[in-house]
Amino acid sequence: MIDPGRDCPTCPRLVAFREAWRAREPGWHNAPVPSFGAGDARLLIVGLAPGLRGANCTGRPFTGDYAGDLLYETLIEFGFARGTYAASRDDGLELTGAMLTNAVRCVPPENKPTGAEIVACRSFLAETIARLPELRAIVVLGRIAHDSTVRALGRTPSRVVFGHGAEHDIGRVRLFSSYHCSRYNTNTGVLTPTMFKAVFARVRSFLGAAN
Ligand code: URA
C-alpha cells in the first residue's frame, strides 16, 4: 500500500497521540498524511514527519508547517510546483513532476519518531518509490529521512553517507541530501535559504529543464 489508512494501527504510541488530538481538535486532519503529487513524478522529496499544527492539521505534507515556507517557495522557484502556497491544502498549489512525502506518516510527539516507528513506516516509503516509474531523483531532508530512504532503496547508510549537498547514485535514482529545512536549522543558521536552494538547483540541472 502506498499510503497508510486513516486508522493505521501499527504504532501504539502514535495511535494514542492521534486519538488524543482527535478528541482535542476534531476539525484537524489527525491521521497519517498521504503523499502529495502525481504518479508521473521524476523527483521525490522525503521529509521527516508531519508537524503537529502543520501537516497533521491540514493533511498535506509540510503545509502549515514552518518548514513548508522555504520548501514550497523553493519548489516554485525551481519549477517543481506552480501556483501560490498559502499554507492550506485548498490553496490550489500543484506539484509539477514532483512528489512530497514523509519517512513517518503520523505526527510524532515532540517531532521525534522512535526507531521502531521509522522502521514500521518504511514499507510505505518503499512502496511509494516502487510505484513511481519515472523517478530519477530523490531529495532527502535530514539524516532520518536520508537513512530511511537509503534502507528503502536496499542500501546501508554507513555506505551512503549523509551530508548537506551529498549526492549518491543508487540504481535508477540519484539521491540528493540536504539538511532539514526546519525552524531550528534555519534559525540557527545551520541551513540558509541559499544552501537549501543550491541543492534544488543541482536537482534541476540533473533532471533538465522539462518535467
Ligand atoms: N512537515 C512535514 O510534513 N514534514 C516534515 O519533515 C516537517 C514538517
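Whatever order the structure lists ligands and atoms in, that order sets their numbers, starting from 1. Numbering of residues begins at 1 and proceeds along the displayed sequence.
- Listed by atom number, the atoms of ligand 1 under 4.0 Å from A55 heavy atoms are 3 (O).
- A cation-pi arrangement, defined by a distance under 6.0 Å to the six-membered ring centre and an angle within 45 degrees of its axis, is absent between R143 and F162.
- Looking only at protein heavy atoms, the nearest one to atom 4 (N) of ligand 1 is N102 OD1, 2.8 Å.
- If you take CG on L135 and CE on M99, they are separated by 9.5 Å, rounding to the nearest 0.5 Å.
- The distance from ligand 1 to the heavy atoms of G51 drops below 4.0 Å at these ligand atoms: 1 (N).
- Atom numbering of ligand 1 starts at 1 in the shown order; those under 4.0 Å from a heavy atom of P61 are 3 (O).
- Hydrophobic clustering of Ile, Leu, Val, Met, Phe, Trp and Tyr side chains at less than 4.5 Å, counting indirect connections, unites L71 with V199.
- In this structure, R60 does not count as a contact residue of ligand 1, since none of its heavy atoms falls inside 4.0 Å of the ligand.
- For L48, heavy-atom contacts with ligand 1 shorter than 4.0 Å involve the backbone as well as the side chain.
- Because its NZ or CZ atom is not both nearer than 6.0 Å to the ring centre of F78 and within 45° of the ring axis, R204 does not count as a cation-pi partner of that residue.
- Shown here is F206, whose CZ atom has more than 12 heavy atoms of other residues, nucleotides or ligands within 6.0 Å.
- Among protein heavy atoms, the minimum distance from atom 8 (C) of ligand 1 is reached at D65 OD2, 3.3 Å.
- Considering A49, G47, A103, G64 only, the shortest heavy-atom separation from atom 2 (C) of ligand 1 involves A49.
- Defined by atom type and a distance below 3.5 Å, a donor-acceptor pair is present between the side-chain atoms of T63 and Y72.
- Of all atoms in ligand 1, listed by their number and element, those nearer than 4.0 Å to a heavy atom of P50 are 2 (C), 3 (O).
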Exercise answer: donor-acceptor pairs, residues 4-15 side-chain atoms, under 3.5 Å, sequence neighbours excluded:
{"residue": "R6", "atom": "NH1", "partner": "H29", "partner atom": "O", "Å": "3.4"}
{"residue": "R6", "atom": "NH2", "partner": "H29", "partner atom": "O", "Å": "3.1"}
{"residue": "D7", "atom": "OD1", "partner": "R22", "partner atom": "NH1", "Å": "2.7"}
{"residue": "D7", "atom": "OD1", "partner": "R22", "partner atom": "NH2", "Å": "3.2"}
{"residue": "R13", "atom": "NE", "partner": "E117", "partner atom": "OE2", "Å": "2.8"}
{"residue": "R13", "atom": "NH2", "partner": "K112", "partner atom": "O", "Å": "2.9"}
{"residue": "R13", "atom": "NH2", "partner": "E117", "partner atom": "OE1", "Å": "2.8"}

